[in-house]
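Notes for the one structure printed next.
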Amino acid sequence: MATLEVEAVEAEQKTNILLVDDRPENLLALEAVLDDPGYHLVKAPSGEEALRHLLDEDFALILLDAHMPGMDGFETARLIGKREKTHDIPIIFITAEYKDMEDIIRGYSLKAVDYILKPFNREILRAKVSVLVELHRKTEQVKRQAEELARSNTELENEIAERKQTEQMLRESEERFRLAFGQAGVGMALVGLDWRFLDANEALCHSLGYTREELADLSLQMLTHTSHRDSDEELLVQLKRGKISSYQVEKQFLLKSGETAWFRVTVSLMRDEQGKPLYMIAQMEDITRRKVAEQSLVERSEALERSNRELEQFAYVSSHDLQEPLRMVSSYVQLLAQRYKGKLGTDADDFITYAVEGSTRMRKLINGLLAYSRLSTGDKDFEPADCEVVFTEVLTNLEAAIEESGAMVTHDSLPTVMADNRQLVQLFQNLIGNAIKFHGEDPPHVHVSVKRNGNEWVFSTRDNGIGIDPEYADRIFVIFQRLHGREAYPGTGIGLAICKKVVDRHGGRMWVESQPGEGSTFYFSLPEKGGVS
Ligand code: ADP
């Protein structure tokens, strides 16, 4: 500690004594007598000066010369006694006259006033001062202790009030929890760290089929289906370590009836104030219905997938196997037409023509069916496919139809996409082919455009043809569904089903926007799959 600070602390602990006398030699004499390390002597040459000191500092004692020019000791003492702050400071008058003192003491009899006659006896003065200073110190000490006591009392009272408030809040929150726990529509339980049921609400008892008393003898693990027991132990360890604040599991429980039921269990851990784990709160929601529904949905979709696969397999095998006998029929019917046309009468000619047409139609149907069923057997290893090249190939394939109808087929600049190139040709060819086929009175005009939409491409084929009633917008994508007779527009009703399947296999969507007489726009999307350039 620096010297200056030491001095400051000492000065603080010293007792202030005010010496008032108009004569410097008297002040010096007093100073010499009261020379004591425990005193801090402050000198004032007049009553006014003394009062000024009393304004700024606290004093334990005043030694006051009775006779001073100007404001004398009596007047000074009167003013000191009038002020609240200085009222209690004991004063020792110093005077030459005993007579004076009698008056003074009478006048100030209620105050601690003493006197010393001049020339004073040093020992007596020192003893008197020491007694009064000691008295002052004691009083100050008692005052301080009383203040401290009052302070700690207030602190204690505040603490008690706070504790009471906390207890009240705790009681209220416990009450709220008890109510929520008891009345909750969902099953709830308090579970010990050994998984024993400490308490369970009405809803849980109802779901499990046990009474609260019966549950008190059981544990959550005892009721858990054997296949689900172990997983919870690990989760409890993580809860205890504070790695997770709660966990949720879906598992099967054994009911009292002997049946099993699915529950979604949400478990959280309660700890005491020191953080020590106390017990768990488990919320248990019976989800058996949902689980059963999910299970049957899975089973149904598996069955559907199986039957779809079988159907496709059947379509593939039958269309493939039908090709051979069909080839026989059509070649012999054609032979019949070549050799016997005009020789067997008009009826026979008509019959032969119908048979030739029929076999041609059947060939188209079988080929279409084969193409359709082959789509699901192809692999899904898509490669970059340049749609510009695909488009050119499609135009070449459709050359005859374009020429015959005088169609104009235009397109935006087309991107490269990750796709099955062969299937992409089928897709564009069916769409553009239809757009040309289902034209109205004007020559067909077909335009293919493409737009980027997030992480997919959206292609569209717009035509100026006969249009489609929006009522049939979904139906036309189903295999064999056609909106027109064969005479009006030839076809098998397989084209759009193939388109839809191709788009599905590429993870996209397909739809049409159209109004009768106003042309149609077929849309399909292809996911970017990171392979788009
Ligand atoms: P198909 O063309 O062999 O009849 P699709 O499966 O390709 O079979 O088409 C199904 C039906 O959808 C068609 O019969 C037709 O009624 C309707 N359709 C398809 N494309 C168009 C189009 N661009 N404009 C008008 N109708 C169309």
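Note that the numbering runs from 1 along the sequence shown for the chain.
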Self-check item: Note, Trp195 side chain near Thr224 side chain (heavy atom, < 4.5 Å)
Solution: no
Quiz item: Can you tell me if Arg196 uses its side chain to pair, donor with acceptor, with the backbone of Asp217 under 3.5 Å?
Solution: yes
Practice problem: Considering non-hydrogen atoms only, spot the tightest contact between Asn201 and Val186 and give its length. | Solution: ND2-O, 3.1 Å
Quiz item: Counting N and O atoms only, with roles assigned by atom type, does the side chain of Lys251 sit under 3.5 Å from a partner on the main chain of Phe263, one being a donor and the other an acceptor?
Solution: no
Quiz item: So among Trp511, Phe428, Phe522, Tyr523, which one has a ring pair (Phe, Tyr, Trp, His ring centres under 6.0 Å) with Phe459?
Solution: Phe428
Quiz item: Can you name the closest pair of heavy atoms from Met510 and Val503 and give their distance?
Solution: SD-CG2, 4.0 Å
Exercise. Could you walk me through whether Leu215 and Cys205 pass the side chain to side chain contact (heavy atoms under 4.5 Å, CB included) test, one step at a time?
Key: CA-CA 8 Å; Leu215 280 181; Cys205 292; 4.1 Å; yes
Quiz item: Any side-chain heavy atom of Phe524 sitting closer than 4.5 Å to one from Val458?
Solution: no
Quiz prompt | Glu159/Arg163 ion pair, N-O < 4.0 Å | solution = yes
Quiz item: So do Leu54 and Leu18 actually touch side chain to side chain, heavy atoms under 4.5 Å?
Solution: yes
Quiz item: Heavy atoms, side chains only, cut-off 4.5 Å: are Phe181 and Leu190 in contact?
Solution: yes
Quiz item: Is the shortest heavy-atom distance from the side chain of Leu61 to the side chain of Phe59 under 4.5 Å?
Solution: no
Practice problem: Show your working on side chain to side chain donor-acceptor pair (under 3.5 Å) between Gln248 and Thr266 and close with a plain yes or no. | Solution: CA-CA 4 Å; Gln248 198 172 72; Thr266 312; 3.0 Å; yes
Quiz prompt | NZ/NE/NH1/NH2 to OD/OE distance under 4.0 Å, Arg212 and Glu202 | solution = no
Quiz item: Going from CG on Leu414 to OG on Ser449, what distance comes out if it is rounded to the nearest 0.5 angstrom?
Solution: 9.0 Å
Self-check item: Donor-acceptor under 3.5 Å (Thr260 side chain, Gln252 main chain)
Solution: no
Quiz item: After noting the C-alpha distance and the side-chain angles of Lys118 and Asp65, does the key distance pass the side chain to side chain contact (heavy atoms under 4.5 Å, CB included) rule?
Solution: CA-CA 10 Å; Lys118 279 199 240 177; Asp65 181 19; 3.6 Å; yes
Exercise. Kindly indicate, with the supporting measurements, whether the criterion side chain to side chain contact (heavy atoms under 4.5 Å, CB included) is fulfilled by Val448 and Leu431.
Key: CA-CA 10 Å; Val448 177; Leu431 288 178; over 6 Å; no
Quiz item: Do the non-hydrogen side-chain atoms of Arg452 and Glu528 ever get within less than 4.5 Å of each other?
Solution: yes
Quiz prompt | Heavy atoms of other groups near Gln221 CD, more than 12 under 6.0 Å | solution = yes
Quiz item: If you measure only the distance, is there a donor-acceptor pair under 3.5 Å linking the side chains of Gln168 and Arg171?
Solution: yes
Exercise. Would you verify whether the NZ or CZ of Arg290 falls within 45 degrees of the ring axis of Trp262 while also being under 6.0 Å from that six-membered ring's centre?
Key: no
Quiz item: After noting the C-alpha distance and the side-chain angles of Tyr39 and Asn16, does the key distance pass the side chain to side chain contact (heavy atoms under 4.5 Å, CB included) rule?
Solution: CA-CA 6 Å; Tyr39 300 159; Asn16 285 344; over 6 Å; no
Quiz item: So do the side chains of Val512 and Ile476 get within less than 4.5 Å of each other, counting heavy atoms only?
Solution: yes
Quiz item: For His136, which residues count as a ring pair (Phe, Tyr, Trp, His ring centres under 6.0 Å) partner, sequence neighbours excluded?
Solution: none
Quiz item: If you measure from the Lys or Arg side-chain nitrogens to the Asp or Glu carboxylate oxygens, is any gap between Glu147 and Arg144 under 4.0 Å?
Solution: no
Self-check item: Validation row, ring centre His67 to ring centre Phe74 under 6.0 Å
Solution: yes
Exercise. Output yes when a side-chain donor or acceptor of Thr86 lies under 3.5 Å from a complementary backbone atom of Ile80, and no otherwise.
Key: yes
Quiz item: Can you check whether Ser268 reaches Met280 side chain to side chain, under 4.5 Å on heavy atoms?
Solution: no
Quiz prompt | Nearest-0.5 Å distance that lies between atom NZ in Lys240 and atom CG in Leu269 | solution = 8.0 Å
Quiz prompt | Pair His506-Phe382, ring pair (Phe, Tyr, Trp, His ring centres under 6.0 Å): steps then yes or no | solution = CA-CA 9 Å; His506 284 76; Phe382 302 139; 4.2 Å; yes
Quiz item: Near Glu25 CD, under 6.0 Å, is it more than 12 heavy atoms from other residues, nucleotides or ligands?
Solution: yes
Quiz prompt | Charged N-O contact under 4.0 Å between Lys138 and Glu134 | solution = yes
Quiz item: Any Lys/Arg nitrogen of Glu167 or Lys164 sitting under 4.0 Å from an Asp/Glu carboxylate oxygen of the other?
Solution: no
Quiz item: Does Asp474 CG have over 12 foreign heavy atoms under 6.0 Å away?
Solution: no
Practice problem: Tell me yes or no: between the side chains of Asn453 and Glu456, is some donor less than 3.5 Å from an acceptor? | Solution: yes
Quiz item: For Lys143, what residues pass the salt bridge (charged side-chain N to carboxylate O under 4.0 Å, His left out) criterion, not counting sequence neighbours?
Solution: Glu140
Quiz item: With distance as the sole criterion, is a donor-acceptor pair present between the side chains of Ser514 and Ser520 under 3.5 Å?
Solution: yes
Quiz item: Counting distance only, does the side-chain N/O of Arg126 pair as donor-acceptor with the main-chain N or O of Val33 below 3.5 Å?
Solution: yes
